[in-house]
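Quick notes on the structure that follows.
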Amino acid sequence: MSTFQSDFLNILSSRGYIHQCSDTAGLDALAKDRKITAYIGFDCTAPSLHVGSLVQIMLLHWLQQTGNKPIVLMGGGTTRVGDPSGRDESRKLLSVDDIENNKRGIQQVFARFLQFGSSGNDAAMVDNAEWLTKLNYIDMLRDIGRHFSVNRMLTMDSVKLRLEREHELSFIEFNYMVLQAYDYVELARRYNCNLQMGGSDQWGNIVNGIDLGRRMGTHQLYALTSPLITLASGAKMGKTASGAVWLNADMRSPYEYWQFWRNTEDADVGRFLRLFTTLPLDEVARLEKLGGAEINDAKKILANAATSLLHGAAAADEAAETARKTFEEGASAEGLPTVGVTLGEGLGILAALVQAGLASSNGEARRSIQGGAIRVNDEPVRDDKLVLGEALLKDGSIKLSMGKKKHVLLKPV
């Protein structure tokens, strides 16, 4: 039996996307009539989003699939300030050129999940630099700043936690919540936006926007947040030994992305199938009941479905076939991620492991060798002073492996 009247909230609830909502009944009524225009902001702090942003992207996807309108807000303006939420230290201030370059990289991913256009519930992409960079400081203080209580701002987690830990909070960061709230007001006025979504760490900032809208005379605004995703082990979602799991293919190959999902912990398979794929829930229920070795079949389905959404079915199929050849046939497989190296007079195995992203330091690389986890061209490595040279090249590359699941091809440059 459905909990809500609207398809939108029913889907979000059944798939595990809802953490908090400012007015569930009011939002449900709007969604039932397909009258929601919702946005999520993405600051341009790196050339790609990472897998930690996927829940937010999926929220916009399901919003559109249920007949409502999504807005992707690029933070070309707010990135110049830096969001202090969840951080113990200030973000590095980026140049305008760096922000623009990052924005171009980030924009690529959304076309995979949303239909953009200029009619109906087509998605829109806008940049808050359009209005934030044009604000006059005195006018902003009079028209916007007067609606904010410093007493209340000091109670916000993004500020309070920093101060409690006696870590510096700059004045520019303190203003971030004012700018984010004003974004909501501008989008309400320009696009009739009535919902802001985000991760649960953004709740205070979003509620500030609702309050500012009320004080500045907008229509009724709503807030909806999703839970922050951690692994069953308690580790942070999307962090691996080789770094962040980026969404852009030039920063993490489709094969590496497929492998990330294939390596999901058993206890997370069902939850991730609901959150990160569009598979029907009855199929998800069947898959998460699999036990023993069969759970690996569910992980492969998760990897295929998640990779297909981001990189397309062809890339997912190629990644799955590369994995099959690598693990089942022991082949080098051309689809493996490659790293360019200079062999010259030889490359030490410890340096090779670090360059390949299989270890974060020489010490970690040495411990992996001592633990019997490292292989070169599928042969175990026992000597941490091994030097890789041209004699080890096979079909123009050297296959470097850690355990059974992590493989990189080293190619001379």
Side-chain angles (χ1 to χ4, degrees), residues 39-50 52-53 56 71-107 125-165 167-190 193 196-213 215-216 223 225:
Y39 87 96
I40 298 177
F42 298 88
D43 276 347
C44 311
T45 54
S48 168
L49 296 175
H50 56 71
S53 298
Q56 309 311 316
I71 296 175
V72 178
L73 180 65
M74 292 284 102
T78 42
T79 308
R80 302 187 192 189
V81 172
D83 184 0
S85 299
R87 297 180 63 88
D88 285 336
E89 57 186 26
S90 299
R91 294 183 187 272
K92 177 185 175 183
L93 289 179
L94 301 176
S95 70
V96 173
D97 286 343
D98 285 341
I99 291 171
E100 286 300 307
N101 288 333
N102 288 346
K103 185 175 76 173
R104 283 191 289 272
I106 287 170
Q107 287 173 329
M125 183 177 289
V126 296
D127 186 343
N128 59 20
E130 186 178 335
W131 51 84
L132 293 182
T133 57
K134 296 173 184 175
L135 286 174
N136 175 286
Y137 188 58
I138 298 298
D139 289 343
M140 188 194 80
L141 289 177
R142 286 176 57 88
D143 299 338
I144 305 167
R146 66 189 177 91
H147 296 300
F148 284 82
S149 161
V150 171
N151 307 60
R152 185 163 181 265
M153 291 169 76
L154 290 172
T155 68
M156 296 295 172
D157 282 347
S158 59
V159 173
K160 183 174 68 173
L161 295 177
R162 185 84 71 87
L163 297 180
E164 285 177 351
R165 294 168 183 163
H167 293 147
E168 183 177 295
L169 178 77
S170 68
F171 179 69
I172 191 172
E173 291 177 292
F174 190 58
N175 279 270
Y176 187 91
M177 67 178 78
V178 177
L179 300 183
Q180 183 171 334
Y182 185 63
D183 281 345
Y184 203 172
V185 172
E186 278 293 322
L187 289 170
R189 289 171 170 172
R190 293 173 182 234
C193 183
Q196 183 182 173
M197 301 186 290
S200 58
D201 60 333
Q202 294 297 316
W203 177 256
N205 288 337
I206 298 174
V207 171
N208 270 338
I210 292 176
D211 185 59
L212 182 63
R215 294 172 183 273
M216 297 186 73
T225 61

(request) Enter the distance from D97:CG to E100:CD here, rounded to the nearest 0.5 Å. (result) 8.0 Å
(request) Can you see which heavy atom on E186 is nearest to which on R190, and at what distance? (result) OE1-NE, 2.6 Å
(request) Search all heavy atoms of T225 against all heavy atoms of W203 and return the closest pair with its distance. (result) CG2-CE3, 3.5 Å
(request) Kindly give the heavy-atom pair with the smallest separation between N205 and M177, and that separation in Å. (result) OD1-CB, 3.3 Å
(message) As a test of understanding, state which of Q180, Q56, Q196 forms a side chain to side chain donor-acceptor pair (under 3.5 Å) with Q202.
(response) Q180
(message) Strictly distance-based, threshold 3.5 Å: is any side-chain N or O of R146 a donor or acceptor partner for the main-chain N or O of R142?
(response) yes
(request) Could you pull out the closest heavy-atom pair between D127 and K103, with the gap in Å? (result) OD2-NZ, 2.6 Å
(message) Between D43 and T45 (side chain of the first, backbone of the second, donor and acceptor by atom type, cut-off under 3.5 Å), is there such a pair?
(response) no
(message) With rounding to the nearest 0.5 angstrom, report the CE to CZ distance, M125 to F42.
(response) 9.0 Å
(message) Could you measure the distance from the CG atom of N208 to the NE2 atom of H147? Nearest 0.5 Å is fine.
(response) 12.5 Å
(message) I need the N175 CG to Y137 OH distance, nearest 0.5 Å.
(response) 6.0 Å
(request) Please report the shortest heavy-atom distance between A129 and G76, naming the atom on each side. (result) CB-C, 3.8 Å
(request) Report yes if the side chains of L73 and T78 come closer than 4.5 Å at any heavy-atom pair, otherwise no. (result) no
(message) Which heavy atom of R152 sits nearest to which heavy atom of V207, and what is that distance?
(response) NH2-CG1, 3.8 Å
(message) Can a side-chain donor-acceptor contact be found between Y39 and N128 if the only test is distance below 3.5 angstrom?
(response) no
